[in-house]
Amino acid sequence: MVEEKKEYWRWTEGLYLNKDIDWRKAKSITLGVDIGSVSTQAVVLTDGKIYCFASIRTGSDSPDSARKAVESALKQTDLKQENIHYTVGTGYGRVNIPFANKTVTEIACHARGANYMGGPTIRTILDMGGQDCKAIQCDERGKVVQFLMNDKCAAGTGRGMEVIANLMAVPITDIGRLSFEIDKEPPPVSSTCVVFAKTEAIGLMREGWTKNQVLAAYCSAMAHRVVTLLQRVGVNKDFTITGGIAKNIGVTRRILNELKVDMVQLQPDPQIAGGVGASLFAADLLEKQRKAAG
Amino acid sequence: MVLKEKLVMDRFAEVVKNRHDYAREWKQRTGGRVMGYFCTYMPEEILIAAGMMPVRILGSHEPQDVTERHIYSMFCPFCRDCLAQGLKGRFEYLDGIGMAHTCLHIRQAYSSWVLHVPTKQNFSYYISMPAKPQSPRARPFLIKELEAFKKAVEEWIGRPVTNKDLDKGIEVMNTNRRLMRQIYELRKADKPLVTGTECMQMVCASQCMDKEEHNKLLAEFIKNELPKRTGRDAGTRLMIIGSEDDDTEFLAMAESLGATVVADDHCTGSRYFWNEAPKSEDRIAAIADRYIAKVPCPEKDWEERRRWTHISKLVDEYKVQGALMIQQKFCDPHEFDIPPLMKMLKEKKNVPSLFLEFDVTVPVGQFRTRVEAFLETMQLEM
Ligand code: SF4
């Protein structure tokens with residue numbers, strides 16, 4: 001019997017278009033492309049406003065993922081890539097975007113994007129990316145003041161969450177909700193190491209834990225890991241979370257509980273913060289270029 | 001090694017890369033002894049006076065699995081990498097091995113070396129360098145230690161080390177220090193004439209080659225090559241501070257991002273050569289004075305933080321804008337110093353710093369993002 005291979009890790013790719021905007025009237029059309037290890041975003045801003053974006057899964061090849069993301073974003077409109085005035089690449093694949101005019105790190109871009117979407121009161125940003133976590137402090141303009149990065153282990157990252165989804169055979173988008181459908185919060189699992197997660201989860205199930213309890217334990221262990229990272233930089237208000245995990249309430253709510261703070265929910269999508277930031281930097285650079293040209 | 005046609009800085013890089021071939025050739029050519037040592041408190045003056053070539057034990061930045069049985073993996077990666085070189089037989093040409101005490105991590109590497117890595121002439125020596133050079137009792141203690149060391153060396157080589165020999169040892173070392181400082185001076189310029197990567201290669205070369213030859217090359221560089229240099233746009237002026245670090249690949253990466261490393265406080269940098277031995281009738285006392293007054297390793301910088309004064313001076317003189325704090329994972333002495341040092345730099349000097357934790361191999365890609373993001377906090381106009 002061939003078992004149906006379900007892709008529990010598969011998260012929803014995103015598309016957005018602001019139909020109220022006529023890109024032809026825009027003086028500045030800029031593109032930000034954020035190639036992360038798990039997802040890639042392409043965000044187009046017209047005169048500093050979000051016009052359209054796409055968020056897709058990163059393939060094995062960065063230039064290809066960048067092209068695909070841009071294609072998906074532009075497919076929604078008659079705007080063509082040649083109409084774009086300036087492109088900034090960011091994310092770990094930033095150096096592999098053939099059509100980018102410049103690159104800026106994802107740290108600067110996430111802060112800038114969070115500041116744009118969440119407002120100038122944002123001071124602390126937690127970026128929970130595909131394979132690393134960053135705690136960032138910024139000023140009222142969204143300029144980075146300080147940051148800390150954990151890229152040594154997959155715990156608390158998107159990739160880690162994908163592994164858990166597959167392991168527990170639970171669709172990744174349901175994990176957050178299910179992790180709260182429990183009688184009482186279980187003690188956090190001892191290791192958040194995704195390599196050991198399998199044996200540990202099986203052990204817990206044997207001890208009689210329910211699936212939801214195991215999910216809860218993982219979510220809180222992941223939350224705890226990033227909380228220590230955040231505490232090292234210091235958490236000033238307002239606080240927000242960017243990246244894919246920002247959509248997983250199983251982790252975010254537990255982070256907020258442990259830190260005893262609220263968070264600003266970024267609209268329209270916390271996963272595009274890096275791309276928005278890159279697009280904003282592109283707008284700055286475009287202006288500079290135009291000024292220099294007279 | 002055919003080095004003659006190359007430019008001096010390239011020759012330094014070449015020697016560092018092929019240090020073992022260099023040492024073997026040196027032995028063949030001169031018939032002299034090569035003595036390996038750990039850390040930078042070894043009084044090389046005495047070894048040079050005895051006609052030897054001292055070489056510092058450094059790691060190779062390759063993953064290895066030979067030290068696990070000898071040193072716990074919670075010891076710093078540098079000391080494990082050093083020991084690995086011995087266990088793998090890379091230093092098989094050494095005639096003797098020694099160390100002047102710095103920290104327990106490296107002493108563990110030294111002790112394991114003595115136990116498990118044979119040297120050609122089976123000579124080993126441990127100098128009990130005081131842990132607190134600031135104490136007034138450190139100097140007389142070290143003088144006695146160095147006298148005993150000299151005696152052991154004399155017994156080993158079978159002849160006395162005379163005052164004339166010691167004068168030569170001191171002269172060679174002091175010349176080396178003077179010339180390297182002269183080259184460091186070039187980094188003060190708005191358009192530095194040497195890069196941080198070149199300086200690190202230069203200091204590492206000094207630690208693994210014949211000092212007189214190194215001196216000749218330095219003089220040649222100053223006389224013939226320097227006048228032809230034009231300097232580079234400094235970009236952001238960085239300083240590197242921290243535990244042992246001889247990772248030129250990392251440095252070259254940082255310097256490719258619109259920055260120049262214009263100063264350092266490292267044992268493969270300024271800490272190695274900054275001060276000279278004073279003139280004195282009592283040569284051993286002069287040598288002891290040099291190591292007592294040396295820019296200290298944090299292991300020996302207590303209670304007054306004398307190294308911080310040195311760092312502050314460098315920040316001013318070299319117009320440093322940002323600091324990279326490089327910490328070997330588990331390096332206790334630096335771990336203890338770095339947080340308040342970062343605070344001091346920020347508050348007193350308005351110099352932000354980026355903390356980086358090094359392991360045997362350095363993930364250049366991940367570090368690149370950090371360094372770039374750090375530079376952006378100073379460079380990006382918004
Ligand atoms: S001072 Fe630090 S880097 Fe040097 S040997 Fe000791 S622990 Fe290692």
Side-chain angles (χ1 to χ4, degrees), chain A residues 34-37 62 88-96 102-113 115-116 120 125 127 129 131-153 232-233 274 277-278 280-285 287-289 291, chain B residues 63 73-74 77 235-236 238 250 252-254 256-259 321-330 335 338-347 349-382:
Chain A
D34 179 2
I35 307 196
S37 59
S62 296
V88 164
T90 188
Y92 102 111
R94 66 188 176 282
V95 284
N96 289 317
K102 207 179 148 51
T103 64
V104 176
T105 66
E106 57 270 35
I107 296 166
C109 287
H110 272 269
R112 186 92 194 261
N115 166 278
Y116 176 88
I125 300 126
D127 170 32
Q131 64 182 18
D132 58 33
C133 270
K134 303 170 193 92
I136 309 167
Q137 269 191 9
C138 69
D139 65 13
E140 70 290 347
R141 294 166 305 160
K143 192 172 154 86
V144 176
V145 178
Q146 229 201 103
F147 64 92
L148 266 182
M149 202 167 159
N150 169 26
D151 47 23
K152 291 207 182 100
C153 87
R232 279 169 57 206
V233 213
L280 287 165
F281 279 118
D284 289 354
L285 291 160
E287 202 188 307
K288 219 171 138 189
Q289 198 182 58
K291 263 196 194 138
Chain B
S73 46
M74 60 181 203
T236 305
L238 293 178
F250 166 79
M253 179 276 286
S256 74
L257 301 173
Q321 295 168 306
L324 301 179
M325 293 285 165
I326 288 161
Q327 138 103 23
Q328 288 280 338
K329 199 173 177 178
F330 309 126
E335 221 153 43
I338 285 175
L341 180 56
M342 282 170 76
K343 196 162 169 255
M344 182 281 277
L345 284 174
K346 183 81 212 142
E347 286 169 6
K349 298 276 153 199
N350 196 25
V351 169
S353 30
L354 174 71
F355 175 82
L356 294 170
E357 191 179 75
F358 272 37
D359 213 320
V360 173
T361 55
V362 168
V364 174
Q366 290 167 359
F367 276 7
R368 187 194 153 115
T369 299
R370 285 177 170 77
V371 175
E372 235 181 303
F374 176 61
L375 290 171
E376 281 169 354
T377 63
M378 292 176 271
Q379 294 169 347
L380 268 188
E381 292 163 34
M382 277 171 54

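Letters A, B, ... mirror the listed sequences (proteins, then strands); counts begin at 1. Quick caveat, the model's predicted, so the values are computed rather than measured.
In terms of heavy-atom proximity, Phe147(A) sits nearest to Phe374(B) at CE2-N, 3.8 Å. Considering all non-hydrogen atoms of both residues, Arg94(A) and Thr369(B) come closest at NH2-OG1, 3.3 Å.
Once rounded to the nearest 0.5 Å, the distance linking CZ of Arg141(A) with CG of Leu380(B) reads 10.5 Å. Rounded to the nearest 0.5 Å, atoms CE (Met149(A)) and CZ (Phe367(B)) are 10.0 Å apart.
With a 4.5 angstrom heavy-atom cutoff, Tyr92(A) does not touch chain B via any of its atoms.
Glu335(B) meets the salt bridge (Lys or Arg N to Asp or Glu O under 4.0 Å) test with no other residue; sequence neighbours excluded. For Lys346(B), there are no salt bridge (Lys or Arg N to Asp or Glu O under 4.0 Å) partners at least two apart in sequence or on another chain.
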| Stepwise, does the salt bridge (charged side-chain N to carboxylate O under 4.0 Å, His left out) test hold for Arg112(A) with Glu376(B)? | CA-CA 12 Å; Arg112(A) 186 92 194 261; Glu376(B) 281 169 354; over 6 Å; no
| message | Between Asp132(A) and Gln366(B), does the side chain to side chain contact (heavy atoms under 4.5 Å, CB included) criterion hold? Intermediate values first, please. | response | CA-CA 10 Å; Asp132(A) 58 33; Gln366(B) 290 167 359; over 6 Å; no
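Of the residues considered (Lys288(A), Glu106(A), Lys143(A)), Lys143(A) shows the highest number of contacts with chain B, using heavy-atom pairs under 4.5 Å.
Among Thr103(A), Val104(A), Ile107(A), the single residue meeting the side chain to side chain contact (heavy atoms under 4.5 Å, CB included) criterion with Glu372(B) is Thr103(A).
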